[in-house]
Amino acid sequence: MTMRKKMLAFTLLSLTLMLLACGERNDPFTPTRPMIGGQAVPAANQAHDLEPEPLLEGNRAPAALPPGDFPVAMAIRDLVPVSAPVNKSGLLRHDRKGIHFEAYDGSSIAIPYRLPRDMPPPTLPPTGRLELYDLSNIGGARMKILLTDDSEQPLFVHIWETSRVPMDIQIGQDLRLIQLPPANQVEPGHFPATLAIIEHGRTLGNIAPGQTAMLQTSAGTISVTPEISVLTVPAPGVQDPDYPHYILRAWVTGGLPPVDGRDSGQLQTRGNNMQAVPANQ
Amino acid sequence: MRSGLRAAPMIAALLGIFALTGCLGKDPDPGGRVFRPGELPTGGIFDAGKAYPRQVIAVSSTPNEQLELVWDPDLSTERKLTGDKFNRYIQIPTDATPGIHYVSIKQPGAPDRMAQVTVLPPAPMPYPNPRIEDVAITNFSVTGVAQEAEVCTETTQEMIDSIRGGSDSLDPKFGRKYEDQTGQYSPETGTFCRTEPVAAFLKATIFITITNADADAGITISQTGDHKNVEITQTDLFSALPSREIHSRIPETYGYPVFHAVQFRVDVEGLESGAEYNIRAMNNPKRNDPDDGGRKHRSDQLVFTVPSSPDRVDSDNDRLSDVVEERLRAEGLPADPMHKTIFVEADFLNTAIPDENIWPIAKRVFSNAPILNPDGSPGISLFVDHGQDRGGSGPFNRGGAIPVGLPFLGLDSCVWISPVIPICSTLRDLKKTHFDPERREIFHYAVFGSLSPGGSGGQGIIGGWDFVVTSWRDASWNGEDGIDAKAAVFVHELGHNLTLEHSGRPSIDTGDDKQFESPWTPNTPSIMSYRWQIDGIDRDCDFKPDRVITFSQGMYKDFDEAKLSERDGVCDNRPADINGDDKIAEDPPTSANEFWACEVTDNGCDKDTDDIHRDGNQWGAVAFRPLEPLCTIGEPNCRSWFGERK
């Protein structure tokens, strides 16, 4: 036998050994008792771990108003919705996309919005003050955007809040929105809460939910819409500490031209204007 | 050619080595701890991962009674491991020292293999008591009559004739004849009465999932009232779910650290249909530390009721009876009586169509649920019909967009927004026209809308079948590392349908000495909590969200507002900015941030900051949701265990 043949024979022997070894180990875990009472014994489970969700593809979309034609407003800074409280003075600008606020410290905030139908958009002076927060969560809205001029008169206000007591919200110097408790609030149900506009302690007008009113204040004309203003009384036995509660979703625009022939406090109302109009139309 | 000749011996030698040590194409060591059923290697030493003393972990993927598992082979601490009859799981010895250990896996006629386990230092705390998560009863057979009762029914001449099979007139002979055989007819009252069996003695199999149970834990089952123990004929460790999550935690900083869950398959005899039973588990006292104060290591008692009718059997406790799941399966739906399944139909108002990516997110949340099914596998199968099969032949063709353009959506009422012009839809109304009644109490019904009047992201009925998702904010609402808000809201509201509240257990107001449900508990790591609802729960105890959507397992210690220390944090001894003022303080001011303080440190905003908050086992509540076990025999879908009445 030549050397080459010896080597080939050794190689073949090795291969045979290897195959035999593999054959011996073939499927050593074949269940010997695969069924208990007609049910297969399951394989071992992988250990449990918490898995973070992957980041949204492409990071995330720039913040924008949701689709639809319903009234809505939001505050956006650096393409992200603003939630932390802001209280700053700065420059104001208004265009098709909404309001642009540039604070004197250099930061800027965009406020795109769609108003309830027939509400006029605000007329903005060059400067003003912005106070806002949006601490809304899955449980409910907690949101306020309050834009005033340098004399603290309202230019653009959006309130969306819930509260265990009727809300009393200052929207300008000596100018407040006050929810009036409904007369019948004992029975379970939903009760419309009229919104009173008070200036210097004097009622300028009472507005029912769903109505839009033009009001002459001592400093100018404003338009007010309590889109939702309601007291919710739960059924007996409901232990939820959040009930009963009031909801207020209201809009105010200011800097408007005077209402013809009307004195301060006189109302001009329009009914149910819940279809939205885009900014600056 | 020459070089080839020279290389031949070397190749041959290498092949010989392969022959002696393993096989080409088979990896003797997977080189990692992550394995799935069926993926464990069949040779060599593999890394079974880390484990705490007394933790149950998997060392072999496939059940095999012929294996022998030996801990620390050839060392003075060598011992044969007992536990899993099918040799898939081992329980690490209580006295195992920290460091690397080996488990030899011997099989007659096959080479030994080794599993390497890195034992972690034991947590300086008493080992937690077992906690029963789920009790699933199945595989019934009737063994006898447990109870009889006289059952009377009104009859007519026609019925009597039918029973007799002829048209003889009613006479005393008939009454006597029937009385002699199966009952008594009374012509005066027009009733036919006979004694019938109404409750059965049953033989059954019970799958009991118990967190932190020893592999050889004891189980007792006794009937409520007489406390007589049920005869257990066989107990096997059927499945287990080790926790890897606990390896990155500091167990002693938790109130109830979860190391593993074990599922026992228990065969019992003498269960009475319709009767209530107590079940309790006790860990093996021999495994206890000698200095643990003589604790009894018993679980709390869990009460379950045996179905009064075969129609009420719900083997996997998912509130879909086995009869219904078999029917659904026959209709092409992916139901399984032995694996928890949740069906949801999702419709969308045309201003609120969600992104497609929310469905796989929601599915993952439930498939990764830390609970075990009667088939031994973990997780819950979630199927959402969002119209993906529309136009095709698949079963999920009812959900999807519906032509409603009103901006507001409520669950059951919204007329109060505007009494004149409708701007609001309700799920209640939409369900009448867009939900097939055949799906009632099989599919949950979800509707996506743009806004809810109060601005909530959604609403769900606790323990019900309906919920709305009204988060007008989309992914852009979230922070830099955000998850899709609608997916998180969807899971949250479905969680309400699955009986969950915002925390697992009510908080306590020590001032008023009352309990209350707080949605802001700092120590409930759950998507049900308002605190973690947007960007997922905090996984690493820094009190910041980590994009994990899940429910709580009830691991966290009580949180006492009056003893708030941000240096101690909430878990893992990690400081946490609990009051949200961007500082870490020993005794932080609760009013540091006007908007956060109330919700962050004073849950319920009652200004007294003396509330105690308690975590709760939400996944356990989801796991054990048995169908109402009792029904009245004779009513539709309520047969007797003894078959139809004759």
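Only heavy atoms go into these numbers, but all of them, side chains included; no hydrogens, no water, no symmetry mates.
- Only the side chain of B:Ile537 has a heavy atom closer than 4.5 Å to any heavy atom of chain A.
- Just one residue in the list B:Met528, B:Glu493, B:His502 forms a side chain to side chain contact (heavy atoms under 4.5 Å, CB included) with A:Ile138, and that residue is B:Glu493.
- Contact annotation for B:Leu349: neither backbone nor side-chain heavy atoms come within less than 4.5 Å of a heavy atom of chain A.
- Contact between B:Tyr89 and A:Ala44 at its shortest, heavy atoms only, is OH-CA, 3.3 Å.
- Counting heavy atoms from C-beta on, the side chains of B:Ser239 and A:Asn45 come closer than 4.5 Å.
- Within the 4.5 Å cutoff, no side-chain heavy atoms of B:Pro378 are placed close to those of A:His48.
- Between B:Arg244 and A:Ala47, the shortest heavy-atom contact is NH2-CB, 3.6 Å.
- Using a 4.5 Å heavy-atom threshold, the side chains of A:Val41 and B:Lys85 count as separate.
- At a 4.5 Å heavy-atom cutoff, B:His260 makes no contact with chain A through either its backbone or its side chain.
- At least one side-chain heavy atom of A:Arg249 sits under 4.5 Å from a side-chain heavy atom of B:Leu451.
- Looking at B:Ser243, both its backbone and its side chain come within 4.5 Å of chain A, counting heavy atoms on both sides.
- Atoms CD and CD, on A:Glu51 and B:Glu245 in that order, are 9.0 Å from each other to the nearest 0.5 Å.
- Rounding to the nearest 0.5 angstrom, the gap separating the CD1 atom in A:Ile228 from the OG atom in B:Ser452 is 8.0 Å.
- For the residue pair B:Phe238 and A:Pro42, the shortest heavy atom distance occurs at CZ-CD, 3.3 Å.
- Listed here is the closest heavy atom pair of B:Pro453 and A:Trp160: O-NE1, 3.0 Å.
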Would you check, one step at a time, whether the test side chain to side chain contact (heavy atoms under 4.5 Å, CB included) holds for B:Asp546 with A:Leu50? CA-CA 10 Å; B:Asp546 290 320; A:Leu50 295 175; over 6 Å; no
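- In this structure, chain A has no heavy atom under 4.5 Å from any part of B:Thr205.
- Looking at heavy atoms from C-beta onward, A:Glu53 lies in side-chain contact with B:Ile549 at the 4.5 angstrom threshold.
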